[in-house]
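Written below as structure tokens is the structure these notes are about.
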Amino acid sequence: MSSHGEPIPMQSSKAGPLRGEANVPGDKSISHRALIFGAMAVGETTITGLLEGEDVLDTAKAMQAFGATVTNHGGGKWSVRGVGVGGFSEPENVIDCGNSGTGVRLIMGCMATSDMSVTFTGDASLCSRPMARVTDPIALFGAQSHGRSGGRLPMTIVGAADPVPVEYVTPVPSAQVKSAVLLAGLNAPGQTVVIEKEATRDHTERMLNGFGASVITEEVPEGRKITLTGQPELKPQDIVVPRDPSSAAFPVCAALIVEGSDVLVPNIGLNPTRAGLFETLRDMGADLTYENLRTEGGEPVADLRAKYSPNMQGIEVPAERAASMIDEYPVLSVVASFASGKTFMPGVKELRVKESDRIDAMAQGLRACGVQVDEGDDWWTVHGGGAGGSAKGGATVESRLDHRIAMSFMVLGMGTPEPVRVDDGGPIATSFPIFEALMNGLGAKVTRA
């Protein structure tokens, strides 16, 4: 079942050349943060290009519940009149974060150092995902959490009335965990320090500095050290959201495997902590080029041109690259099915605790479509058959309430002889509500099955 309704079975059939311009939605990570930081600023923040998927809309509703004024002006233009750091009001009702792990974990962080009690819930997928990775560090500030067994939602967080600053070493590479700790530190006195052994996406640090907080990042022997000075007055900003590289991954990867394709994906954020997929595809021999490289709002941006690439080779993806492309491994595994030889992906245990167990979901679905896949706890290997090789399609795959699993198999079906079906494409609306129309506009054959 999709996150907010009945299941929507979908089918993707072999496509002719994909051609044209793919205007993908705004970046989801930046959209969440723009709403949250705007709610914690004093004054009115304007946002252009906000992703209007269900995940982000749930975060907008949450910020309203905490007392901010959030207005949709149409056409991706929004405004947030914030209440200042420490100015949140206790919500009257349960906060429903739908399918969004980013939304719930960041919001838990930003309320954890306020004297209030807040109950969080979500859809079936979100309620099965681990929250201890956030509730453990916010407990150091003085917050308490009361949830279901295994640290799962629904969960009530009792914020710290007298928070203290903390120093925290992240046990797993996770931008969500790092961001939750930094957001909790905003309303604590003194300096809050996060040390991450492996660098993760740095949108939080960049945007907090833009809003006027003091965030200092430095390399130390233990890894990357981020120091935030608490209790700043955040200043409202005018934010232009770059387009989402995780969404761009789908038209880019589809173009690489569909014969004759030439697709331009404009205005894509190329933050180095997010662009690992594109680097990996180029390492495999993909015809993927960056055009019009530039900087917008402190983030590197370019137009991506992807062309059919029948001579791609399987590679070993560097484990240290995992954090910069963790959400893109499902669709990378699809491309790997059309490359020659093995693509080995190590250091990816985080995929086991995403919206679904993404390694298992992709492995089972790819095998059903004729592709050999090997897997371990924190690695997997796809045995590619080259262009026109082992990937045959012809199966119905479980999306497991996971938008990226559903979209990845829709991309697979564009290049296989037989159609590929998913039992529920409804979750796609959480991050890429125009996916079906955009891909069909390029020449794909995605239908409601």
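In this text, all values refer to a predicted model and were calculated from it rather than measured experimentally.
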Requested in this report: Apply ring-ring contact (aromatic ring centres under 6.0 Å, His included) to F66 and list each qualifying residue two or more places apart in sequence or on a separate chain.
Outcome: F88
Query raised in the report: Listed by chain and number, what are the side-chain contact (heavy atoms from CB on, under 4.5 Å) partners of K307, not counting sequence neighbours?
Result: D262, D287, R305
Requested in this report: Flag the pair S117 / T156 as yes when at least one side-chain heavy-atom distance between them is below 4.5 Å, and no otherwise.
Outcome: yes
Query raised in the report: Do the ring planes of Y290 and F278 sit parallel (below 30°), tilted (30 to 60°) or perpendicular (above 60°)?
Result: perpendicular
Query raised in the report: In Å and rounded to the nearest 0.5 Å, what is the OG to CE distance from S337 to M312?
Result: 10.0 Å
**Report entry** F338 side chain reached by V382 side chain, heavy atoms, under 4.5 Å
**Finding:** no
Query raised in the report: Do you know which of L50, I30, D27 makes side chain to side chain contact (heavy atoms under 4.5 Å, CB included) with V56?
Result: L50
**Report entry** Partner residues of Q372 under the side-chain contact (heavy atoms from CB on, under 4.5 Å) criterion, sequence neighbours left out
**Finding:** D374, H383
Query raised in the report: Taking the side chain from R224 and the backbone from T217, do they hold a donor-acceptor pair closer than 3.5 Å?
Result: no
Query raised in the report: Under 3.5 Å, is there a donor-acceptor pair between the side chain of R152 and the main chain of G150?
Result: no
Report summary line: By salt bridge (Lys or Arg N to Asp or Glu O under 4.0 Å), R105 pairs with (sequence neighbours left out) none
Query raised in the report: Where is the tightest heavy-atom contact between T192 and G185, given as atom of each residue plus distance?
Result: OG1-CA, 3.5 Å
Requested in this report: Check whether any side-chain heavy atom of I434 lies under 4.5 Å from a side-chain heavy atom of P25, and answer yes or no.
Outcome: yes
Query - Euclidean distance, L277 CG relative to M325 CE, rounded to 0.5 Å - result: 5.0 Å
Query raised in the report: Got a sec, which pairs hit salt bridge (charged side-chain N to carboxylate O under 4.0 Å, His left out) with one end in residues 438-449, sequence neighbours left out?
Result: E436-R448
Requested in this report: Take L304 and L270, measure what side chain to side chain contact (heavy atoms under 4.5 Å, CB included) needs, and give me the verdict at the end.
Outcome: CA-CA 10 Å; L304 308 188; L270 288 181; 4.3 Å; yes
Query raised in the report: Is there a side-chain contact between P154 and R148 (heavy atoms, below 4.5 Å)?
Result: yes
Report task. Starting at CG of L51, measure out to OG of S31 and round the result to the nearest 0.5 Å. Result -> 5.0 Å
Query - D55 side-chain N/O to S431 backbone N/O, donor-acceptor pair under 3.5 Å - result: no
Query raised in the report: Where the side chain of D424 meets the backbone of I8, is there a donor-acceptor pair that is under 3.5 Å apart?
Result: yes
Query raised in the report: For atom CG of N292, is the number of surrounding heavy atoms from other residues, nucleotides or ligands below 6.0 Å larger than 12?
Result: yes
Query raised in the report: What pairs meet the salt bridge (charged side-chain N to carboxylate O under 4.0 Å, His left out) rule with one or both residues in residues 390-399, with sequence neighbours excluded?
Result: none
Query raised in the report: Looking at OG1 of T59 and CZ of R33, how far apart are the two atoms once the value is rounded to the nearest 0.5 Å?
Result: 10.0 Å
Query raised in the report: Is the side chain of S399 donor-acceptor paired with the backbone N or O of V422 at a distance under 3.5 Å, no angle test?
Result: no
Report task. Using atom types as modelled and distance alone, determine if a side-chain donor or acceptor of T200 lies under 3.5 Å from a backbone N or O of A323. Result -> no
Query raised in the report: Given the rule in the salt bridge (charged side-chain N to carboxylate O under 4.0 Å, His left out) test, do R358 and D402 qualify, once you have shown the distances and angles that lead to the verdict?
Result: CA-CA 8 Å; R358 286 178 171 166; D402 193 323; 2.8 Å; yes
Query - Point-to-point distance, once rounded to the nearest 0.5 Å, from OG1 of T273 to CZ of R206 - result: 6.5 Å
Query - Side-chain heavy atoms of M111 within contact of I95, under 4.5 Å - result: no
Report task. Kindly write out the residues that satisfy side-chain contact (heavy atoms from CB on, under 4.5 Å) with S128, not counting sequence neighbours, or none if the list is empty. Result -> none
Query - Contact check, side chains of M407 and V331, non-hydrogen atoms, under 4.5 Å - result: no
Query - Step-by-step salt bridge (charged side-chain N to carboxylate O under 4.0 Å, His left out) determination, D96 to K61 - result: CA-CA 9 Å; D96 187 345; K61 293 174 187 175; over 6 Å; no
Report summary line: Taken in chain and number order and not counting sequence neighbours, the residues that satisfy salt bridge (Lys or Arg N to Asp or Glu O under 4.0 Å) with R321 are E279, D283
**Report entry** Interatomic spacing from OG1 in T102 to CG in D327 - rounded to 0.5 Å
**Finding:** 7.5 Å
Report task. Say whether N267 and R294, considering side chains only, have a donor N or O and an acceptor N or O under 3.5 Å apart. Result -> yes
Report task. List for me each residue that meets ring-ring contact (aromatic ring centres under 6.0 Å, His included) alongside F435, sequence neighbours excluded, and say none if there are none. Result -> F432
Name every donor-acceptor pair, under 3.5 Å, that has one atom in a side chain of residues 240-261 and the other anywhere in the protein, sequence neighbours excluded.
unit_1: R243; atom_1: NE; unit_2: V24; atom_2: O; d: 3.4
unit_1: R243; atom_1: NH1; unit_2: N23; atom_2: OD1; d: 2.7
unit_1: D244; atom_1: OD1; unit_2: S246; atom_2: N; d: 2.7
unit_1: D244; atom_1: OD1; unit_2: R274; atom_2: NH2; d: 3.1
unit_1: D244; atom_1: OD2; unit_2: K28; atom_2: N; d: 2.7
unit_1: S246; atom_1: OG; unit_2: R274; atom_2: NH2; d: 3.2
unit_1: S246; atom_1: OG; unit_2: E328; atom_2: OE2; d: 2.6
unit_1: S261; atom_1: OG; unit_2: L18; atom_2: N; d: 2.9
unit_1: S261; atom_1: OG; unit_2: V258; atom_2: O; d: 2.7

**Report entry** Test item: Q144 side-chain N/O and V158 main-chain N/O as donor-acceptor pair under 3.5 Å
**Finding:** no
Report task. Could I get the full list of side-chain contact (heavy atoms from CB on, under 4.5 Å) partners for D360, not counting sequence neighbours? Result -> R352, D357, Q364, E375, R400
**Report entry** C97 backbone acceptor or donor facing S100 side chain under 3.5 Å
**Finding:** no
Requested in this report: Quick one: list whatever passes salt bridge (Lys or Arg N to Asp or Glu O under 4.0 Å) with E205, sequence neighbours left out.
Outcome: K178
Query raised in the report: Does any donor atom in the side chain of T46 or S79 lie under 3.5 Å from an acceptor atom in the other side chain?
Result: no
